[in-house]
Amino acid sequence: MVKRLIIAEKNSQAGKYAKALGKFNKVGATYVIQNQDLHIAPAAGHLLDIVNDIKPAYEEPLPYFPEEILYGFKPQGKTKAERDNHLKNIKFLYGNLKKEIAWADEIIIGTDPDREGESIFYTLLNQFPEQQSKIKYRLWANSQTVAGIQKAYKNLRPASETFNFYVEADARRTADWLVGIANLTPLVRENLKQKGQLAQKVVNGKKKFEALSVGRVKAPVMKLIIDNDNAIKNHISKDFWKIEVQDGNGVIFKNETIFGGDDNDLTEEAANQAVAQLNSTATVTKVEHKDEVRTAPNLFNLTNLQSYMSQNYQFSADQTLSIVAELYQKEVMSYPRTDSKLITEYEFAYLKANLKAYQALVGLDFVPEQLSARKKYVDTSKVQEHYALIPTETLPDLAKLSHDERLVYEVVTKRMLLMFAKDQKVATTKVIIDNGQEFSTTGTIITEEGWHSLIPTKKDAKDEATLPAYQEGQHLSVQNLVKAGKTQPPKRLTESNMLKTILVKYGIGTSATRASTLAGLISQGFISLDKKTGQYAPLEKARKTILALEELHSNFANPEKTSEWEITLKLIGEGKLSAEDFLESLKSEIIETVKGQQK
């Protein structure tokens with residue numbers, strides 16, 4: 001019988017695999033499945049980290065590119081006792097894995113189903129080059145339920161299918177280390193020291209410089225927040241005028257022409273002259289009626305859930321990710337770090353089968369009408385890595401969840417249920433009039449609430465605006481009015497629009513890293529977050545850091561350049577570009593930045 005070893009990312013995951021795959025005994029750290037030559041051995045996340053020694057910039061000239069990236073044990077913890085205990089634990093697990101790898105005929109990758117999981121596995125296995133040929137399969141479990149794990153084990157993927165995820169993750173980690181830890185951090189720290197801009201504080205009677213780290217992803221995020229803050233502070237409000245036409249029913253008709261503001265140098269006088277040329281009678285030239293069917297919103301992916309929780313409940317992105325990860329561990333939520341809004345036919349089938357149970361659980365009572373798998377939500381061919389965030393077939397006891405866990409679970413489950421509800425139907429009417437120029441207005445009537453009645457919403461005047469029954473050719477008595485306004489500064493960046501729009505637009509980071517990047521910038525004193533409004537503002541530490549990079553003419557603070565690198569990393573993950581070429585291009589950028597210091 002072939003001796004198989006599954007390497008899990010952590011002990012809790014290994015235990016779930018063992019529970020799903022048969023009766024087992026635990027021998028040391030290993031789960032031994034009875035009556036099968038199957039062992040399951042856990043790591044503890046990254047057992048190995050980059051351990052190359054970094055010296056201060058004044059001791060060793062930059063740039064620093066080691067001949068070899070070295071991996072070893074890097075104990076974690078605030079106190080020496082915590083670090084010693086952590087080191088003892090990871091050495092024990094490493095020794096156990098070494099023994100199990102030697103025992104196995106076939107090795108199955110069972111770490112978390114993402115790039116980081118691939119990185120954890122291959123960073124470990126790279127220490128045993130003679131065992132590489134044993135790596136055969138990938139256990140890709142989007143759900144930690146018994147059924148989800150059994151399905152994944154029954155449908156093991158060839159390890160080669162996901163290997164490029166490791167190549168991408170390794171390129172990303174190496175790039176972040178070379179850029180941030182090895183070069184930019186010591187470079188910027190020394191630059192600020194020389195200018196007397198690096199703050200000092202007294203610790204145990206000794207002066208110490210403040211902590212400061214500069215990263216490949218952190219720098220452009222700071223730059224975006226600083227530029228937004230500058231645009232708000234430097235905004236000069238300008239007057240503008242628009243023409244509106246009001247008929248006897250009080251209905252306002254508008255067009256796109258603007259006098260003044262940021263678009264042109266036209267004046268109020270020009271607006272008044274234009275109004276003087278308009279007629280006091282307008283003709284209805286077109287009445288367009290349109291019936292629209294609005295389907296329920298997409299299923300959540302991680303970014304959209306983080307944005308929703310930030311807007312509606314003031315949860316930080318990191319907080320939301322942490323809660324969903326905990327629900328995943330409790331086997332009641334699918335894998336959290338997902339970019340997909342789609343599910344496969346398999347997930348749709350179990351959701352449909354348990355529909356009434358989900359409804360009763362979260363108190364969302366309606367008669368399901370959409371019971372077929374619609375492409376907006378279900379498309380097996382487009383689900384490559386992970387599917388959307390949905391509840392698993394395991395229903396939780398809500399009373400045993402924390403308040404925040406229950407809230408997130410209910411939000412995700414209710415969003416899923418909406419795809420089974422009746423569609424919303426809307427009737428829209430657009431009316432165009434002409435009184436020397438064309439003006440228009442639009443009215444909307446919700447003819448059938450459908451799913452929309454099941455969600456809490458703030459009533460918006462734009463949602464429903466009833467118009468009189470206008471007829472083409474009808475003549476209207478109108479008033480032609482000049483309305484004054486002032487240009488407004490840009491809106492301040494919030495956690496919600498950073499996650500949902502800005503960082504996605506520039507492709508900065510991934511759904512798994514964006515929240516931690518923003519949280520890290522706050523905890524390290526680079527930016528502030530107003531918890532009530534969700535708005536970001538740069539702190540002096542960020543301004544000094546970005547100014548230092550800009551004075552070095554560095555591209556590492558440029559969101560556009562970072563976007564190019566992120567696209568390259570994605571193509572590396574797809575096997576279309578070389579990681580070596582990418583890293584060489586980054587080294588060239590580092591060299592140019594260091595040259596800026598020397599000028």
Side-chain angles (χ1 to χ4, degrees), residues 8-10 12-13 16 43 45-46 109-123 138-145 148-149 152 157 161-162 164-173 176 217 298-310 315-344 347 382-392 404-405 408-409 411-412 415-416 495-496 498-500 503-504 507-520 566 569-570 572-574:
E9 188 159 323
K10 46 193 167 293
S12 60
Q13 187 180 58
K16 287 183 172 66
H46 285 282
I109 309 166
T111 46
D112 279 355
D114 57 15
R115 287 157 180 77
E116 197 66 17
E118 295 287 310
S119 178
I120 288 168
F121 174 84
Y122 281 104
T123 301
R138 206 341 167 168
L139 178 69
W140 196 267
N142 277 305
S143 165
Q144 291 287 283
T145 64
I149 292 167
R157 300 166 68 171
E161 276 190 15
T162 59
N164 279 325
F165 293 155
Y166 159 68
V167 178
E168 177 189 343
D170 188 61
R172 185 182 292 277
R173 175 170 57 176
D176 290 345
V217 175
N298 289 307
L299 299 171
F300 281 121
N301 61 17
L302 176 59
T303 297
N304 286 345
L305 177 63
Q306 287 170 321
S307 176
Y308 182 91
M309 296 306 295
S310 174
F315 278 28
S316 72
D318 217 32
Q319 181 183 3
T320 298
L321 173 56
S322 176
I323 293 167
V324 180
E326 188 60 32
L327 292 170
Y328 170 70
Q329 289 299 322
K330 291 181 176 179
E331 305 176 22
V332 298
M333 189 77 71
S334 61
Y335 188 72
R337 293 177 174 89
T338 176
D339 291 319
S340 180
K341 301 173 187 175
L342 297 166
I343 57 176
T344 73
E347 288 81 46
K382 291 184 179 178
V383 178
Q384 300 299 321
E385 298 173 39
H386 306 295
Y387 48 79
L389 275 174
I390 55 172
T392 67
D404 290 351
E405 288 172 348
V408 170
Y409 181 85
V411 165
V412 171
R415 173 62 66 92
M416 175 276 295
E495 187 169 50
S496 177
M498 281 291 280
L499 288 168
K500 195 173 180 181
L503 297 184
V504 174
I508 296 175
T510 67
S511 59
T513 62
R514 288 174 189 136
S516 59
T517 297
L518 290 166
E566 292 293 338
L569 282 164
K570 184 177 181 183
I572 290 170
E574 294 172 2

Any side-chain to backbone donor/acceptor pair from [X] onto [Y]? Under 3.5 Å, distance only.
| X | Y | value |
| --- | --- | --- |
| S496 | S310 | no |
| T338 | Y387 | yes |
| R514 | G509 | yes |
| H46 | T123 | no |
| E347 | T344 | yes |
| K16 | Q329 | yes |
| S334 | A388 | yes |

Rounded distance [0.5 Å steps], [atom1] in [X] versus [atom2] in [Y]:
| X | Y | atom1 | atom2 | answer |
| --- | --- | --- | --- | --- |
| R415 | F300 | CZ | CZ | 3.5 Å |
| R337 | L302 | CZ | CG | 8.0 Å |
| W140 | T111 | CH2 | OG1 | 8.5 Å |
| Y409 | E326 | OH | CD | 15.0 Å |
| T162 | I109 | OG1 | CD1 | 4.5 Å |
| L499 | L518 | CG | CG | 6.0 Å |

Any chance the side chains of S143 and T145 put a donor and an acceptor closer than 3.5 Å?
-> yes
In plain terms, say whether [X] and [Y] are close enough for a salt bridge, that is, a side-chain N and a carboxylate O under 4.0 Å apart.
| X | Y | result |
| --- | --- | --- |
| E385 | R115 | yes |
| E566 | K570 | no |
| R173 | D170 | yes |

Steps toward side-chain hydrogen bond (donor to acceptor under 3.5 Å, both in side chains) verdict (E116, S119) | CA-CA 5 Å; E116 197 66 17; S119 178; 5.0 Å; no
[X] to [Y] - nearest heavy-atom pair and separation:
| X | Y | result |
| --- | --- | --- |
| G117 | E9 | CA-OE1, 3.7 Å |
| R138 | P113 | NH2-CA, 3.9 Å |
| N301 | K341 | ND2-CE, 3.7 Å |
| F315 | E495 | O-OE1, 3.3 Å |
| L389 | P336 | CD2-CA, 3.8 Å |
| Y328 | Q144 | OH-NE2, 3.0 Å |

Partner set under salt bridge (charged side-chain N to carboxylate O under 4.0 Å, His left out) for D112, not counting sequence neighbours =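 Applying salt bridge (charged side-chain N to carboxylate O under 4.0 Å, His left out) to D112 gives K10.
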Does N164 have any side chain to side chain contact (heavy atoms under 4.5 Å, CB included) partners at least two apart in sequence or in another chain, and if so, which?
->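 N164 satisfies side chain to side chain contact (heavy atoms under 4.5 Å, CB included) with V167 only.
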Could you tabulate the donor-acceptor pairs under 3.5 Å formed by side-chain atoms of residues 317-324, not counting sequence neighbours?
{"residue": "Q319", "atom": "OE1", "partner": "S316", "partner atom": "N", "Å": "3.3"}
{"residue": "Q319", "atom": "NE2", "partner": "D404", "partner atom": "OD2", "Å": "3.4"}
{"residue": "T320", "atom": "OG1", "partner": "S316", "partner atom": "O", "Å": "3.3"}

Non-hydrogen side-chain atoms of V383 and I343 separated by less than 4.5 Å =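 SC-SC contact between V383 and I343 ruled out.
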Side chains of K500 and N304: closer than 4.5 Å at any heavy-atom pair?
->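 Yes. Closest side-chain heavy atoms under 4.5 Å.
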